Amino acid sequence: MKTTDNISELRQQISAWRQQGLKIAFVPTMGNLHAGHISLVTEAHKHADKVVASIFVNPMQFGVNEDIDSYPRTMTADQEKLIAAKTDLLFTPTPQIIYPKGLDKQSFVEVPNVSEGYCGESRPGHFRGVSTIVCKLFNLVQPDVACFGLKDYQQVQVIQTMVEDLSMPIEIIPVPTVRESSGLALSSRNGYLTEEEKKVAPALYQNLEWLAGEIQKNNDFLGLAKQAASYIDNAGLHTDYIHICHARTLQPASEDDKELVILAAAHCGKARLIDNLQVSI
Ligand code: PAF
């Protein structure tokens with residue numbers, strides 16, 4: 001696997017592959033890779049001849065009081081995992097390479113509606129940062145397909161909408177969440193959990209499953225979500241939000257909707273955990 005932080009080198013390799021008629025898949029990440037990321041690389045191989053990954057801890061998607069400085073950086077271990085997963089090329093730019101003018105003077109991409117609410121409300125500016133970096137990385141890598149984990153369900157909808165609205169010729173492949181046997185979704189932020197917190201963190205997903213069962217029987221979506229939030233809090237977490245939504249628009253679900261998603265976020269010690277569950281009724 002070749003690793004480069006250099007845009008010209010990246011473009012040269014991509015254009016050489018293009019000249020050979022090869023199909024390219026892309027897996028953007030912020031590093032600190034776990035089995036969830038590797039499942040994206042495995043999926044990417046099914047759709048293309050060459051797989052490009054990136055590692056870039058994107059300052060534009062972190063709020064002022066968020067964890068950018070303490071965000072785990074584990075480049076050597078990440079490279080080993082990507083090599084084992086047969087990644088063809090790894091792009092590791094610095095913030096200076098990506099945002100040479102600085103964040104304040106940088107153009108940005110903003111996707112309305114699906115970026116609002118939920119994580120968009122708890123983390124103002126977060127999705128602007130995500131859509132901007134993903135757009136920029138798409139322009140650099142020019143992939144045919146790109147894989148994103150469904151753990152970040154709202155992020156997948158934001159990127160899918162950006163690609164449709166801006167006519168980007170890229171197929172977005174959503175990849176199922178990888179979980180521990182307790183049900184806890186794998187996340188780089190699980191590294192912040194203490195041993196005690198690891199025991200209570202699975203309550204988030206357990207209550208999503210409980211709620212998924214209840215909404216098959218009862219369409220008081222607001223009441224049920226409120227009940228689930230109190231169960232999550234009683235388990236020792238602190239619910240940020242839990243909502244039952246239309247699976248594609250992310251608008252609050254109505255009685256007639258058949259394809260739903262439950263979106264939730266909760267604090268557990270220093271970690272802010274997010275999770276979701278799609279439900280058909
Ligand atoms: O999901 C992530 O790790 C990031 O939001 C992404 C898509 C790599 C953009 O920085």
Side-chain angles (χ1 to χ4, degrees), residues 5 10 25-41 43-44 51-63 66-75 77-79 81-82 85 87 89-99 103 106 108-111 114-115 118-120 122-141 143 145-163 166 168 170-178 185-192 263 265 271-276:
D5 64 2
L10 170 73
F26 180 41
V27 179
T29 81
M30 299 207 301
N32 194 232
L33 304 182
H34 50 64
H37 296 107
I38 300 310
S39 77
L40 302 180
V41 176
E43 184 64 30
V51 174
V52 179
S54 64
I55 294 179
F56 178 62
V57 183
N58 173 31
M60 202 193 273
Q61 70 188 74
F62 286 79
E66 291 185 0
D67 55 345
I68 185 151
D69 293 331
S70 57
Y71 197 85
R73 286 155 172 92
T74 50
M75 186 59 83
D78 291 349
Q79 280 173 307
K81 289 176 190 166
L82 290 171
T87 308
L89 177 63
L90 172 62
F91 181 49
T92 56
T94 59
Q96 177 59 26
I97 288 172
I98 293 291
Y99 302 121
L103 290 182
Q106 167 72 38
F108 57 81
V109 178
E110 200 151 82
V111 179
V114 283
S115 296
Y118 322 118
C119 282
S122 305
R123 306 182 65 190
H126 170 68
F127 286 118
R128 174 196 285 190
V130 169
S131 36
T132 301
I133 188 61
V134 172
C135 174
K136 180 145 183 157
L137 290 168
F138 280 178
N139 285 336
L140 293 167
V141 176
V145 306
C147 297
F148 291 87
L150 276 168
K151 185 189 64 83
D152 298 295
Y153 190 93
Q154 190 175 7
Q155 169 171 282
V156 175
Q157 302 312 317
V158 168
I159 291 162
Q160 182 65 55
T161 306
M162 172 183 79
V163 162
L166 301 180
M168 296 175 167
I170 301 168
E171 186 189 351
I172 302 302
I173 316 247
V175 181
T177 303
V178 178
L186 296 196
S187 164
S188 301
R189 291 189 168 95
N190 293 354
Y192 298 141
L263 299 178
R272 181 175 175 280
L273 307 174
I274 62 170
D275 208 341
N276 64 82

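Computed from a prediction, not measured in an experiment: that's the story for all the values here. Ligands are counted one by one from 1 in listed order, and the atoms in each one are counted from 1 as well. Side-chain atoms are counted along with the backbone in the values below, which use heavy atoms only and exclude waters and symmetry mates.
Using a 4.5 Å heavy-atom cutoff, the side chains of I68 and E66 are not in contact.
Residue V158 comes nearest to S115 through the heavy atom pair CG2-OG, 3.6 Å, listed as atom of the first residue, atom of the second, then distance. Across G31 and H37, no two heavy atoms sit closer than the pair O-CE1, 3.8 Å.
Among the atoms of N58, none of the N or O lies under 3.5 angstrom from an N or O of ligand 1.
Protein heavy atom in closest approach to atom 7 (C) of ligand 1: Q155 NE2, 3.5 Å. Ranking protein heavy atoms by distance to atom 3 (O) of ligand 1, first place goes to M30 CG, 3.6 Å.
At a heavy-atom cutoff of 4.0 Å, ligand 1 is contacted by no atom of I159, backbone or side chain.
The distance from ligand 1 to the heavy atoms of I133 drops below 4.0 Å at these ligand atoms: 9 (C), 10 (O). Taking a cut-off of under 4.0 Å to the non-hydrogen atoms of Q61, the atoms of ligand 1 that pass are 4 (C), 5 (O), 9 (C), 10 (O).
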**Message:** What verdict does the side chain to side chain contact (heavy atoms under 4.5 Å, CB included) test give for V141 and S54, after you've listed the backbone C-alpha separation in whole Å, the side-chain angles of each residue and the deciding distance to 0.1 Å?
**Reply:** CA-CA 10 Å; V141 176; S54 64; over 6 Å; no
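For the residue pair Y99/N58, the side-chain donor-acceptor check at 3.5 Å is satisfied.
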